[in-house]
Number of protein chains: 2
Amino acid sequence: MISTTAEYALRMMIALAEADGQPLTSEQLAHRTDVSADYAVKILQQLGRARFVRAQRGRGGGFRLACDPHEATLLDLVRVIDPLDRIMGCPLGRVEHEGRLCALHASLDRAMGVLHDELRSLSLADLMEGPGQPMCANGTPTPLTVQSTARNGSDRSN
Amino acid sequence: MISTTAEYALRMMIALAEADGQPLTSEQLAHRTDVSADYAVKILQQLGRARFVRAQRGRGGGFRLACDPHEATLLDLVRVIDPLDRIMGCPLGRVEHEGRLCALHASLDRAMGVLHDELRSLSLADLMEGPGQPMCANGTPTPLTVQSTARNGSDRSN
DNA sequence: CTTATTGAGGATGCTTTTATCTTGTTTCAG
DNA sequence: CTGAAACAAGATAAAAGCATCCTCAATAAG
């Protein structure tokens, strides 16, 4: 659904938001979010070009949040990395489907729509954990493991 | 959101559903759905192993639908190709987040949940076009072009 | 000014996904 | 039985995503 790089970006944005204005070096961010230091820099550069963070070079430098955590939505942040585009016209270029997508693409676009809505409904501030609840990642390097659910309706235990 | 291979799979399943029981060769399917013939076979094999289609070898053979178009959901079909997994436990393996995901992963899982719901709400039959409305793909090879929407609420013109 | 610190950005390599190629097996017609 | 039609499956190749490495530029301390 979203790329691993996009998840890294979200983790680092959360870490920066929790740092509350204080600059963090790429090394610190990488360690806190369990992202490799080299790759973290690359992602932070993309976030910088999108104006979500500001970088300060040299001694005492680092990265600081450059947006209001209550304003920046998950959708905004994810889309810095993943296009996550709505389907605007027939991907196959069929003229008769312009302005009126076929059932397949209309459905896929609708799915993208609900995904957009969901990701837009949450801000960076919503993802900040309280002081006692550390974010998922603080220097515990572990392999990524994810499992599958069969066919259960909705199931939002949150 | 979903891979191009998954979209190919959906296109071919629609073409098979519209063929109404009549077997279609991989060549015919590839042509109708604008997928390369070689790659189409690979995807059809995956759909066959998942029991959504049945293959008949030899002269006069081809692929036939092996499921009820009203029963097979988009979710079922897409997941033959893309895992599209819910997040069951902390992807970073943090013990304190097992059974209770952190805000980030809870949110990403919720987004995956609404995507599941949306894709599960539609069946293969829902994607079949009427006789006058040909599916998006009938031998018009054109590059895939998709565009982006800025920040517009919901926007389900469907 | 020199040096240490820190981000910027290009080059490179590894892995996964996407796509193609080649060989084999099944099936039917003649 | 032979040959053509058609799927099966492994090997290979090309492209995209993920990750690392190296050199350069900016900044601050001494």
Side-chain angles (χ1 to χ4, degrees), chain A residues 1-12 16 19 22-31 33-66 78 80-85 91 141 143-144 146, chain B residues 1-12 16 19 22-31 33-66 78 80-85 91 141 143-144 146:
Chain A
M1 184 186 61
I2 73 167
S3 66
T4 70
T5 305
E7 217 217 274
Y8 295 163
L10 290 178
R11 287 193 216 158
M12 292 196 284
L16 276 175
Q22 198 186 6
L24 296 176
T25 68
S26 61
E27 287 267 3
Q28 290 174 312
L29 279 165
H31 182 255
T33 56
D34 225 331
V35 175
S36 92
D38 284 316
Y39 200 42
V41 173
K42 293 297 185 197
I43 299 166
L44 287 163
Q45 284 171 9
Q46 292 185 73
L47 290 169
R49 283 190 283 268
R51 305 286 174 180
F52 284 113
V53 304
R54 237 173 350 115
Q56 175 66 37
R57 292 212 261 202
R59 195 170 189 147
F63 291 90
R64 263 176 300 168
L65 210 62
V78 168
V80 171
I81 309 295
D82 299 339
L84 227 58
D85 289 326
L144 234 147
V146 157
Chain B
M1 185 185 62
I2 74 167
S3 67
T4 71
T5 305
E7 217 217 275
Y8 294 163
L10 290 178
R11 285 193 217 158
M12 291 195 285
L16 277 174
Q22 198 186 6
L24 297 176
T25 69
S26 60
E27 288 268 3
Q28 290 174 311
L29 279 165
H31 182 254
T33 57
D34 225 330
V35 176
S36 91
D38 284 315
Y39 200 42
V41 172
K42 291 297 184 199
I43 298 166
L44 288 163
Q45 284 171 8
Q46 292 184 73
L47 290 169
R49 282 190 285 268
R51 304 287 173 180
F52 283 113
V53 305
R54 237 170 354 113
Q56 175 65 40
R57 291 213 261 201
R59 194 171 189 143
F63 292 90
R64 263 177 301 168
L65 210 61
V78 168
V80 171
I81 309 295
D82 299 339
L84 227 58
D85 289 325
L144 233 147
V146 157

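Residue numbers start from 1 in every chain, and the chains themselves are labelled A, B, ... in the order their sequence lines are given, proteins ahead of strands.
Residues A:Leu16 and A:Leu47 form no side-chain contact, since every pair of their non-hydrogen atoms from C-beta on lies 4.5 Å or further apart. Residues B:Tyr39 and B:Thr5 form a side-chain contact, since some pair of their non-hydrogen atoms from C-beta on lies under 4.5 Å apart.
A donor-acceptor contact under 3.5 Å is formed by the side chain of B:Lys42 with the base of D:dA9. Between the side chain of B:Arg59 and the base of C:dC28, no donor-acceptor pair of N or O atoms lies under 3.5 Å.
For B:Thr5, the side-chain atoms get nearest to C:dT18 when compared with the rest of C:dT18, C:dA8, C:dA19. When distances are taken from the side chain of B:Ser36 to each of C:dA8, C:dT20, D:dC7, the shortest belongs to C:dT20. Of the candidates D:dA19, C:dT20, C:dA8, C:dT20 carries the atom nearest the B:Asp38 side chain, counting heavy atoms from C-beta on. Between D:dC18, C:dG7, C:dT18, one nucleotide has an atom nearer to the side chain of A:Ser26 than all others, and that is C:dG7.
A:Arg49 comes within 4.0 angstrom of the backbone, heavy atoms only, and of no base. Among the protein residues, B:Gly62 comes within range of the sugar-phosphate backbone only, with heavy atoms under 4.0 Å from sugar or phosphate atoms but none that close to a base. Here A:Gln56 lies in heavy-atom contact (under 4.0 Å) with sugar-phosphate atoms only.
Of the two residues contacting DNA chain D, namely A:Ala37 and B:Gly58, the nearest-nucleotide position lying further toward the 5' end is that of B:Gly58.
In this structure, CG in B:Leu24 is found 10.5 Å from CZ in B:Arg64, a value given to the nearest 0.5 Å.
The distance between atom CG of B:Leu44 and atom P of C:dA19, rounded to the nearest whole Å, is 14 Å. Spacing between atom CG of B:Leu84 and atom P of C:dT17 amounts to 13 Å, rounded to whole angstrom units. Rounded to whole Å, the distance from CG on A:Asp34 to C1' on D:dA19 is 15 Å. What separates CZ of B:Arg57 from C1' of D:dC7 is a distance of 5 Å, to the nearest Å. Counting to the nearest Å, the C1' atom of C:dG7 and the CD1 atom of A:Ile43 are 15 Å from each other. What separates CZ of A:Arg64 from P of D:dT27 is a distance of 13 Å, to the nearest Å. The CD atom of B:Gln28 sits 11 Å away from the C1' atom of D:dA6 (whole-angstrom rounding). A:Gln45 has its CD atom 14 Å from the P atom of C:dA11, to the nearest Å.
In terms of phosphate contacts, B:Thr4 brings a side-chain nitrogen or oxygen within less than 4.0 Å of OP1 or OP2 of C:dT18. Here A:Tyr8 reaches the OP1 or OP2 of D:dA19: one of its side-chain N or O atoms lies under 4.0 Å away.
B:Glu27 CD: 12 or fewer foreign heavy atoms inside a 6.0 Å radius.
Looking at B:Asp82, its side chain never comes within 3.5 Å of a backbone N or O of B:Ile2 through a donor-acceptor pair.
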